[in-house]
Amino acid sequence: MTEAFKRLRMRHLRCFQAMARHGSVSAAAEQMHSSQPALSRALAELEALIGQPLFLRTGRGLSLTEAGESLRRHVDAALSQLEAGTRSAAGLSPVPVVSVGMLPNVARTLAVAAAGTFKAAAPQADLRLYWAGVPELVARLHRSEIDFLLGRLLALDYMPGVRFEHLYFEPLVFVVARDHPFAGEPDAVTLDQVRGELVVVPMPDTIIRRELDKFTTARGHGAFPNKIETVSFEFTRSFIAGNRAVACVPLGAVRQEIADGLLVRLGLTGEELMGSVGITHASDRKLSAEAQLLVGHVRDAAKVYA
């Protein structure tokens, strides 16, 4: 094994790190300005030196094996130390980095406000904001690629190994464009009337869809018969602006449009539609000083919505 380690090169570790981060040979090759065959060869050489597979090849890309996860943790730490040492030797201070995963309901509100005040207080720190689905963001959190998540309370399936700090409650709301017939008397609209419309709803198996399903089930109804399912709030806002439809979305996704009069909130409410918004931390990891500073700015920004 000692002879095998002597044959390890920095390129092996850089290639491995890039593939672990992106879960794709093509994306890693693009990041490293290399070719896919070159990275595939480097991975094959590394796996031969290690003596076992580091990735599982699936239809959706690369997934780390247990050995790969172990190696990734050590490689990330080692390369980070090398980068810090190089900057120190060159007389440069390390650049602190804070990485945050954000869910769509806070991307236009809480995350914007906190990012602005944080950067004003810590201009020397790099702030990286990741916007992805819950499974990917939780995986990044467990891999220490992000410091914490901002958004609604996660489903129980994702809670092992994390802890949640509540900041405020946010409802799911039903909204229509201002020229929709429902906009004239929004508080008089019933769930039966909404069921007669095209409704844009969250994707199945998301926490906000479960909240919506509880709301409709408690009132004796099943799924909406005519619906579009998406978690792209950008699509939802654009679609209902140009089509006759009702949308059910977190208030944070349409707060500005409601304030501007572009969208009208219907009077349909229920405790099932209320969700907790906050910060999701990894249970076993302490935040850096810069990440703790950002958490403070997030808490301050959340006071507006509490």
Linked, directly or transitively: L268 and L172 (ILVMFWY side chains, under 4.5 Å):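 Shared cluster, yes.
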Any link between V173 and L103 through a network of hydrophobic side chains (Ile, Leu, Val, Met, Phe, Trp, Tyr) touching at under 4.5 Å?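 Result: no, two separate clusters.
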Apart from M274 itself, what residues make up its hydrophobic cluster, given side-chain heavy atom links below 4.5 Å?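 Its cluster mates, by chain and number, are F169.
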Specify the closest pair of heavy atoms between [X] and [Y], including all atoms of both residues, with the distance to one decimal.
X: A183; Y: R178; answer: CB-O, 3.4 Å
X: S144; Y: R285; answer: OG-NH1, 3.3 Å
X: P104; Y: V231; answer: CG-O, 4.2 Å
X: V25; Y: M19; answer: CG2-SD, 3.9 Å

Take atom CD in Q124; do more than 12 heavy atoms of anything else shown fall under 6.0 Å from it?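 Yes, enclosed.
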Quick check on E30: does its CD atom have over 12 non-hydrogen neighbours (other residues, nucleotides or ligands) under 6.0 Å away?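 12 or below, so no.
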Donor-acceptor under 3.5 Å (R57 side chain, F55 main chain):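 Confirmed, R57 side chain pairs with F55 backbone.
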Look at the side chain of S63 and the backbone N and O of L56, then say whether any donor-acceptor pair between them is shorter than 3.5 Å.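 No: the side chain of S63 does not pair with the backbone of L56.
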CZ on R128 to CD1 on I146, rounded to 0.5 Å: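 Here the interatomic distance stands at 12.5 Å.
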Could you grab the distance from atom CD of Q256 to atom CG of L263, nearest 0.5 Å is fine?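 Rounded to the nearest 0.5 Å, the CD-CG separation comes to 11.0 Å.
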Hey, is [X] close enough to [Y] for a salt bridge, meaning N to O under 4.0 Å?
X: E272; Y: K214; value: no
X: R209; Y: D205; value: no
X: R299; Y: E165; value: yes

Test applied, side-chain hydrogen bond (donor to acceptor under 3.5 Å, both in side chains); reference residue, H12; option that passes from E45, E47, Q17: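 For H12, the side-chain hydrogen bond (donor to acceptor under 3.5 Å, both in side chains) check succeeds only for E45.
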Give the intermediate values and the outcome of side chain to side chain contact (heavy atoms under 4.5 Å, CB included) for residues R265 and L251. CA-CA 9 Å; R265 178 177 175 178; L251 178 58; 4.2 Å; yes
Step-by-step side chain to side chain donor-acceptor pair (under 3.5 Å) determination, H281 to D147: CA-CA 7 Å; H281 302 267; D147 295 297; over 6 Å; no
Report the C-alpha distance between L198 and I228 in whole Å, list the side-chain angles of each, state the deciding distance to 0.1 Å, and finish with yes or no for side chain to side chain contact (heavy atoms under 4.5 Å, CB included). CA-CA 8 Å; L198 170 59; I228 296 174; 4.0 Å; yes
Please step through side chain to side chain contact (heavy atoms under 4.5 Å, CB included) for the pair N226 and V199, ending with a clear verdict. CA-CA 6 Å; N226 184 13; V199 187; over 6 Å; no
Which of parallel (below 30°), tilted (30 to 60°) and perpendicular (above 60°) describes [X] and [Y]?
X: F235; Y: F239; answer: parallel
X: H297; Y: F118; answer: perpendicular
X: F224; Y: F174; answer: perpendicular

Could you tell me whether the side chain of [Y] reaches within less than 4.5 Å of the side chain of [X], counting heavy atoms only?
X: R108; Y: E257; value: yes
X: P250; Y: F233; value: yes
X: V189; Y: V194; value: yes

Verify side chain to side chain contact (heavy atoms under 4.5 Å, CB included) between Y130 and M102, making sure each step is shown before the conclusion. CA-CA 6 Å; Y130 294 89; M102 59 180 180; over 6 Å; no
Can you list the steps and then say if E170 with N105 is a side chain to side chain donor-acceptor pair (under 3.5 Å)? CA-CA 9 Å; E170 176 190 63; N105 67 300; 3.1 Å; yes
Classify the side-chain pair S24/S26 by whether it contains a donor and acceptor separated by less than 3.5 Å.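 There is such a pair (donor and acceptor under 3.5 Å, judged by atom type) between the side chains of S24 and S26.
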